[in-house]
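Chain A is the first sequence line, chain B the second, and so forth, proteins listed ahead of strands; every chain is numbered from 1. Values in this document were obtained by computation on a predicted structure and should not be read as measured data. As a basis for the values below, the full set of heavy atoms in this structure was taken, side chains included, without hydrogen atoms, waters or symmetry mates.
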There are 2 protein chains.
Amino acid sequence: MPSPKRDHLVDTAAALFQRDGFHATGIDTILAQAGVAKMTLYNHFKSKDELIVAALEVEGARYIAWLRARADQAEEPGERLLAIFDALEEWFETEGFNGCVFMKAACEYGPVNNPVHMAAAAQKRAVFDYMLENATSARLRDPRNLAQQLLLLHEGAIAVAHEFGAPIAARQAKRAAAVVIEDAG
Amino acid sequence: MPSPKRDHLVDTAAALFQRDGFHATGIDTILAQAGVAKMTLYNHFKSKDELIVAALEVEGARYIAWLRARADQAEEPGERLLAIFDALEEWFETEGFNGCVFMKAACEYGPVNNPVHMAAAAQKRAVFDYMLENATSARLRDPRNLAQQLLLLHEGAIAVAHEFGAPIAARQAKRAAAVVIEDAG
DNA sequence: TTCCTGATAAACAGGTCTGTTTACATATAT
DNA sequence: ATATATGTAAACAGACCTGTTTATCAGGAA
């Protein structure tokens, strides 16, 4: 059932999970921050894990929309593939960049059949789909393989940028992406 | 102070952190598994976080030693750079592969100035150093930049392999690595 | 012997966590 | 006006968490 309280709860949860991680963020903290009663949470969700999944779905949609908005400014699909990494750089440069909530979810909920892990993987698959879409439009060789390699660079850039606090990882990923795209041209 | 009990405790902790993550692994679980008394832990370490750092250091040394052992089988430094990704594939294929404990550490302890995060980053830097070493020996153009790009592929392969349960990520990373190495040749 | 070190066992303290229960409030739609 | 749905407040249960305290034990060295 949709509800403004529910939406606000999910948004607040997504922000706190993003910042502090999942195990480290207690329900009471989320409720206090959102200004929502505990029973409201448990009326809308069976458990904390269900709230986490909902937060990942909302945040996943938001990320993809943001990525498309940035990358689609480029006209040519080949250019869009590169523009993805410009968007990443912008993200890494933002004050308080703290890593990727989906990667954190996959890490904290290791088993691949865990619902939280699967929700995180679904978001990464959406990124892959966007890459495949453009690799195909650009009529590049073996677009599936290319998209997979670009996804590796996407994930690698996020991981390295966070591990070392090094936003420059985005630029290096872009350079590597240019090379593998050229190789498929 | 070194001690067999201490070593066993650290080894046990490393294995459990690797499997279940850090917040999800309680001290009591580690102690029960190791067959060690709680006071022994707190005689050797001030806190759980200190144990985590020690476990990451030990596991980090083990990973680098394993990686070198695999990759150094290749004669040419250029071949070694590629052999890294064969080693990754071997790792991803092992039963019960569950992601990278250092990536998990960086994710669970987000702030880059957190001691646990820093211990994880130190291990990644050691991987970078090994790549730089070989990129330099191979007399490739801009070895520093190349090593950073290879590290991106290394991290990306680990992330994707875990997120999707897809060991094939190693092969794709190797192909991308071959292209960027060729480009620097 | 006596002393010291390292380890053990078990209880305990004080927090925090998820999730439940219960009683009450508000608003809308029939 | 009244039933239904939605939300609130606060206490509670029960588990789990890190870390401390206390008493005890075994072995080697002075």
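Put simply, CG on A:Leu31 is 11 Å from C1' on C:dT18, counting in whole angstrom units. Atom CZ of B:Arg6 is separated from atom P of C:dT5 by 19 Å (rounded to the nearest Å). To the nearest angstrom, P of C:dA13 lies 19 Å from CD1 of B:Ile27.
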>> Apply salt bridge (charged side-chain N to carboxylate O under 4.0 Å, His left out) to residues A:Asp28 and A:Lys38 and explain how you reach the verdict.
In response: CA-CA 8 Å; A:Asp28 292 343; A:Lys38 190 178 267 194; 3.3 Å; yes
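Scanning atom types as modelled, no donor and acceptor separated by under 3.5 angstrom connect the side chain of B:Lys48 and the base of D:dG19. Checked by distance alone, B:Lys5 brings no side-chain donor or acceptor within 3.5 Å of a matching partner on the base of C:dG6.
Taking the side chain of A:Ala37 as heavy atoms from C-beta on, and the options D:dT8, C:dT8, D:dG19, the nearest nucleotide is D:dT8. Comparing C:dT20, D:dT18, C:dA7 by their nearest atom to the side chain of B:Lys38 picks out D:dT18.
An OP1 or OP2 oxygen of C:dT8 is reached within less than 4.0 angstrom by a side-chain nitrogen or oxygen of B:Thr40. In terms of phosphate contacts, A:His44 brings no side-chain nitrogen or oxygen within less than 4.0 Å of OP1 or OP2 of D:dT6. The side chain of B:Ser3 places an N or O atom within less than 4.0 Å of a non-bridging phosphate oxygen (OP1 or OP2) of C:dA7.
A:Tyr109 and A:His23 have parallel rings, their planes meeting at less than 30° on a 0 to 90° scale where 60° marks the start of perpendicular. Between B:His162 and B:Phe97, the angle of the ring planes goes over 60°, which puts this pair in the perpendicular group of the 30/60° scheme.
Checking side-chain atoms of A:Lys48 against main-chain N and O of A:Phe22 turns up a donor-acceptor pair under 3.5 Å.
Relative to the axis of its first five pairs, the axis of the last five pairs of the helix from C:dT1-D:dA30 to C:dT30-D:dA1 sits at 10°, rounded to 10 degrees.
Legend: residues meeting ring-ring contact (aromatic ring centres under 6.0 Å, His included) with A:His8, ordered by chain and number and at least two apart, are absent.
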